[in-house]
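Before any comments, here is the structure.
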Amino acid sequence: LLRKSAAGKPPEIVDVDLGAVRREMETAGVLKLIHGHTHRPGTYPIALDHGMGSRVVLGDWYGDGQLLICGPGQWRLVSVEDYLREHESG
C-alpha cells in the first residue's frame with residue numbers, strides 16, 4: 001500500500017496510498033486499521049463509505065519504541081518508557 005512514488009525517497013516523507021487504504025478498509029468492512037510504521041506514527045482519521053474510520057500507524061522499532069494500548073473505547077500509542085513509568089510498582 002506504499003505509494004509507488006515513494007521509491008528512492010527518504011523514509012521520513014514516505015506514507016501509504018490513502019486510496020488503497022480506503023479500498024481495503026471498505027472491502028473488509030472495518031473502521032480501524034493498524035499497520036506498521038511509515039515514519040509517521042499516530043492515529044489518523046479516514047472517511048469511509050460505511051462511517052468515519054481511523055488508521056493507527058505504529059512507531060518504528062528503534063528509538064524509545066511504542067506500544068498500542070487497546071481496550072473498550074481506548075486506542076492510544078504510548079512510548080515503552082512512559083508505559084513502564086505509569087505501571088511502576090511501589
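For the numbers below, each heavy atom of this structure counts, side chains included, while hydrogens, waters and symmetry mates do not. These figures come from a predicted structure and were not determined experimentally.
A pairwise comparison of heavy atoms in Gln66 and Leu58 identifies OE1-C, 4.1 Å as the closest pair. Between Tyr83 and Leu67 the shortest heavy-atom distance is CG-CD1, 3.5 Å. Across every non-hydrogen atom of His50 and Gly29, the tightest pair is NE2-C, 3.6 Å. Here the closest heavy-atom approach between residue Met52 and residue Pro45 is recorded as CE-CB, 3.5 Å.
You'll find the side chain of Glu24 stays beyond 4.5 Å of the side chain of Leu33, heavy atoms only. The side-chain heavy atoms of Leu48 and Arg22, taken from C-beta on, include a pair separated by under 4.5 Å. Residues Arg55 and Thr43 fail the side-chain proximity criterion, which asks for heavy atoms closer than 4.5 Å. For the pair Trp75 and Ile34, the minimum side-chain heavy-atom distance is below 4.5 Å.
Side-chain atoms of Glu26 come within 3.5 Å of backbone atoms of Asp49 as a donor-acceptor pair (strictly under, hydrogens ignored).
Distance check, rounded to the nearest 0.5 Å: NE2 of His87 to CG of Asp82 gives 11.0 Å.
Within the structure, salt bridge (Lys or Arg N to Asp or Glu O under 4.0 Å) contacts touching residues 68-79 (residues at least two apart or in different chains) are Arg76-Glu86.
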